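Input: a single structure, listed below in structure tokens.
Quick caveat, the model's predicted, so the values are computed rather than measured. Quick note on labels: first sequence line is chain A, next is B, and so on, each numbered from 1. The analysis underlying the following values was restricted to heavy atoms, covering all of them including side chains, and did not include hydrogens, waters or symmetry mates.
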2 protein chains.
Amino acid sequence: MNEGAPREIVSRRSRPAKAPLSRDVVVSTALEILEREGLSGLSLRRVAAALDTGAASLYVYLANLEELHSLMLDRALGAVRLPKARSSPWRDRLKALLLSYFRVLYERQGLAQIAMSTIPFGPNSLRIWEMLLGLLKEGGVEDIKAAWGVDLLTLYVTAIAAERSLRRESGQVLRRVETALSTVSEEEFPLIFAFKKALLGGEGETRGAWALDVIIGGIVGGPVPHRSPRDSSRKTKARGGQHKK
Amino acid sequence: MNEGAPREIVSRRSRPAKAPLSRDVVVSTALEILEREGLSGLSLRRVAAALDTGAASLYVYLANLEELHSLMLDRALGAVRLPKARSSPWRDRLKALLLSYFRVLYERQGLAQIAMSTIPFGPNSLRIWEMLLGLLKEGGVEDIKAAWGVDLLTLYVTAIAAERSLRRESGQVLRRVETALSTVSEEEFPLIFAFKKALLGGEGETRGAWALDVIIGGIVGGPVPHRSPRDSSRKTKARGGQHKK
DNA sequence: ACCTGAACACCGTTCAAGT
DNA sequence: ACCTGAACACCGTTCAAGT
């Protein structure tokens with residue numbers, strides 16, 4: 001079975017009353033609900049209801065809600081477009097892949113939020129990681145920088161998708177930020193006051209593309225971490241005893 | 001009243017039965033509960049119970065749970081250490097500030113998660129933003145790059161704190177990632193297979209410091225975004241051939 | 001092996017009624 | 001103006017009992 005491909009879902013109306021469930025239908029149904037009703041509308045009970053059963057039935061296929069989230073995320077990541085080898089300069093392919101990753105997370109409401117609370121490690125995530133590693137290596141990036149760089153790039157893409165989703169989905173948050181920025185005191189916060197337009201300016205994908213360039217450029221041109229990955233258990237210095245206040 | 005300073009909380013045991021509540025006590029109590037019981041233990045009902053009242057009473061001081069989260073976050077950010085002007089090179093001060101920001105979010109369980117779902121804009125957040133803008137300007141970073149750079153840096157710090165918190169707090173997630181990585185197929189994912197040690201290696205703060213350097217270096221050395229919010233005295237050369245999406 | 005209803009121990013939010 | 005109990009409409013998870 002192709003985990004990555006979008007899956008045809010048999011309408012539950014036409015199924016015999018007690019058709020057997022499966023992990024697959026549960027995940028597909030959950031993604032449909034997420035798409036239509038958002039994260040706040042997604043619950044095990046809601047998924048179970050859509051499948052004409054009780055929430056308890058889902059526990060045959062899932063350990064818990066967290067596992068459902070993780071399966072949903074990996075399934076959705078099957079829609080990320082992997083650029084064809086050597087179809088364009090490595091850096092363009094890298095950016096195209098990351099942009100597609102961003103869009104998949106951003107375009108389905110709630111998915112980016114799920115991605116921030118679930119470390120992805122299913123087959124589709126692995127495919128993306130593998131390709132990202134390959135692209136950075138193709139660009140001549142040293143091994144450790146490539147490994148850490150992929151982590152940094154995916155973290156950024158996930159975080160920016162979550163932040164943008166939040167702004168899109170919660171008009172309340174956005175309005176409060178705008179109010180706070182527009183009433184900021186010039187004497188107390190002169191720089192914020194001077195920059196408020198630039199700070200608020202979302203400007204579609206220009207800004208996201210800029211940030212991606214900054215990070216990629218930083219990885220390529222930046223320092224090689226000074227410690228080898230083999231020597232991973234040693235600590236440089238004891239953690240300062242931060243006192244709680 | 002100093003929003004930023006830690007506040008002495010009068011023991012609820014010694015209060016007269018119907019002592020008046022306030023936004024302040026509600027937020028302080030919520031932060032205590034977060035510290036002791038984590039995000040999953042924090043609820044309006046739980047906060048109300050700690051204050052010997054019903055959840056409905058809190059709605060005099062808060063619009064909803066989201067607002068409580070936002071207030072908690074800004075209060076907690078009061079603990080971020082702002083480096084003294086000119087005490088060391090600007091880049092060191094920038095890194096110290098961001099590290100302190102990271103620690104505040106990371107060290108109180110659940111706080112980083114709250115930060116990822118709340119755009120901070122209270123007085124303490126503004127102070128941090130103002131200082132970050134000042135540091136980048138001190139480093140000679142162009143205005144738009146400074147504004148967008150501060151956004152990128154704070155997004156990164158918040159995201160890495162949330163990711164690390166997740167790994168720390170959910171042994172389950174961590175174990176599943178480790179299992180997935182250690183059983184990865186060498187033929188299908190040769191690079192992940194080869195790099196799995198580097199990918200897993202958390203290495204305390206070495207990695208986080210590396211990423212910070214990458215981003216700061218990328219901001220300083222990277223391109224100026226080709227659209228300015230307002231054409232100021234300084235002329236920025238438009239970059240030809242940049243395609244818009 | 002799978003499904004189910006009911007129960008357990010919770011949620012955020014609203015509202016009429018109190019003081 | 002503030003507080004309260006009760007209600008509403010939900011949660012995830014467990015479990016004994018069914019098929």
Side-chain angles (χ1 to χ4, degrees), chain A residues 10 12 15-27 29-31 33-34 36-73 110 113-114 117-118 166 169-173 176, chain B residues 10 12 15-27 29-31 33-34 36-73 110 113-114 117-118 166 169-173 176:
Chain A
V10 179
R12 282 168 304 283
R15 273 190 7 232
K18 307 280 166 192
L21 295 177
S22 71
R23 234 171 132 103
D24 248 43
V25 257
V26 172
V27 173
T29 308
L31 280 170
I33 292 169
L34 183 68
R36 281 201 308 275
E37 307 177 32
L39 191 55
S40 65
L42 178 74
S43 69
L44 288 175
R45 291 176 112 109
R46 184 71 192 71
V47 173
L51 292 165
D52 291 319
T53 184
S57 308
L58 305 181
Y59 283 83
V60 179
Y61 307 100
L62 306 164
N64 48 39
L65 179 64
E66 196 184 308
E67 188 172 77
L68 176 61
H69 284 164
S70 166
L71 292 167
M72 289 169 73
L73 176 61
Q113 252 168 287
I114 289 179
S117 59
T118 315
L166 183 68
E169 273 142 48
S170 168
Q172 197 197 144
V173 169
R176 283 206 307 225
Chain B
V10 179
R12 281 168 303 282
R15 278 197 354 241
K18 307 280 166 193
L21 294 177
S22 72
R23 235 169 132 102
D24 247 43
V25 256
V26 172
V27 172
T29 308
L31 279 170
I33 291 169
L34 183 70
R36 280 201 309 275
E37 308 177 31
L39 191 55
S40 65
L42 178 74
S43 69
L44 288 176
R45 292 177 110 108
R46 183 72 192 71
V47 173
L51 293 165
D52 291 317
T53 183
S57 308
L58 305 182
Y59 283 82
V60 179
Y61 308 100
L62 307 164
N64 49 37
L65 179 63
E66 197 183 309
E67 188 172 79
L68 176 60
H69 284 165
S70 167
L71 292 168
M72 289 169 72
L73 177 60
Q113 253 167 284
I114 289 178
S117 58
T118 315
L166 184 68
E169 272 142 47
S170 168
Q172 199 198 146
V173 168
R176 284 206 306 224

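- Between B:L58 and B:L51 the shortest side-chain heavy-atom distance falls below 4.5 Å.
- Put simply, CG on A:L51 is 16 Å from P on C:dC2, counting in whole angstrom units.
- For A:Y61 and C:dC3, the shortest distance from a side-chain N or O to OP1 or OP2 is below 4.0 Å.
- The side-chain heavy atoms of A:R23 and A:E67, taken from C-beta on, include a pair separated by under 4.5 Å.
- Listed nucleotides C:dG12, D:dC3, C:dC3 differ in distance to B:S57; the shortest reach to its side chain belongs to D:dC3.
- Atom CG of A:L58 is separated from atom P of D:dT13 by 11 Å (rounded to the nearest Å).
- For D:dA9 and C:dA9, the P atoms lie 23 Å apart once the distance is rounded to whole Å.
- Following rounding to the nearest Å, B:L21 (CG) and D:dT4 (C1') show an atom-to-atom distance of 12 Å.
- Comparing C:dT13, D:dG12, C:dT4 by their closest approach to the side chain of A:L44 singles out D:dG12.
- Going from atom CG of A:L68 over to atom C1' of D:dT13 covers 14 Å, rounded to whole Å.
- Across all strands shown, D:dC3 remains unpaired; no Watson-Crick or G-U wobble contact has both distances below 3.5 Å.
- Taking CZ of A:R45 as the start and OG1 of A:T53 as the end, the distance is 12.0 Å to the nearest 0.5 Å.
- By the 4.5 Å heavy-atom criterion applied to side chains, B:L71 and B:V26 are not counted as neighbours.
- Using the Watson-Crick or G-U wobble rule with both distances under 3.5 Å, D:dA17 pairs with nothing in any strand shown.
- In this entry C:dC10 has no Watson-Crick or G-U wobble partner, no candidate having both defining distances under 3.5 Å.
- Candidate nucleotides D:dT13, C:dC2, C:dT13 were compared by shortest atom distance to the side chain of A:V60, and C:dC2 ranks first.
- Per the geometry, CZ belonging to A:R45 stands 13 Å off P belonging to C:dA7, to the nearest Å.
- Distance B:L62 CG to D:dC3 P: 12 Å, rounded to the nearest Å.
- A sub-4.0 Å separation between OP1 or OP2 of D:dC10 and a side-chain N or O of A:S43 is absent.
- A side-chain donor-acceptor contact under 3.5 Å links A:T29 to the backbone of A:V25.
- Comparing A:A56 and A:R46 by the nucleotide of DNA chain D whose heavy atom lies nearest to each, the residue mapping closer to the 5' end is A:R46.
- For the OP1/OP2 pair of D:dA1 and a distance below 4.0 Å, the side-chain nitrogens and oxygens of B:Y59 include no atom meeting the criterion.
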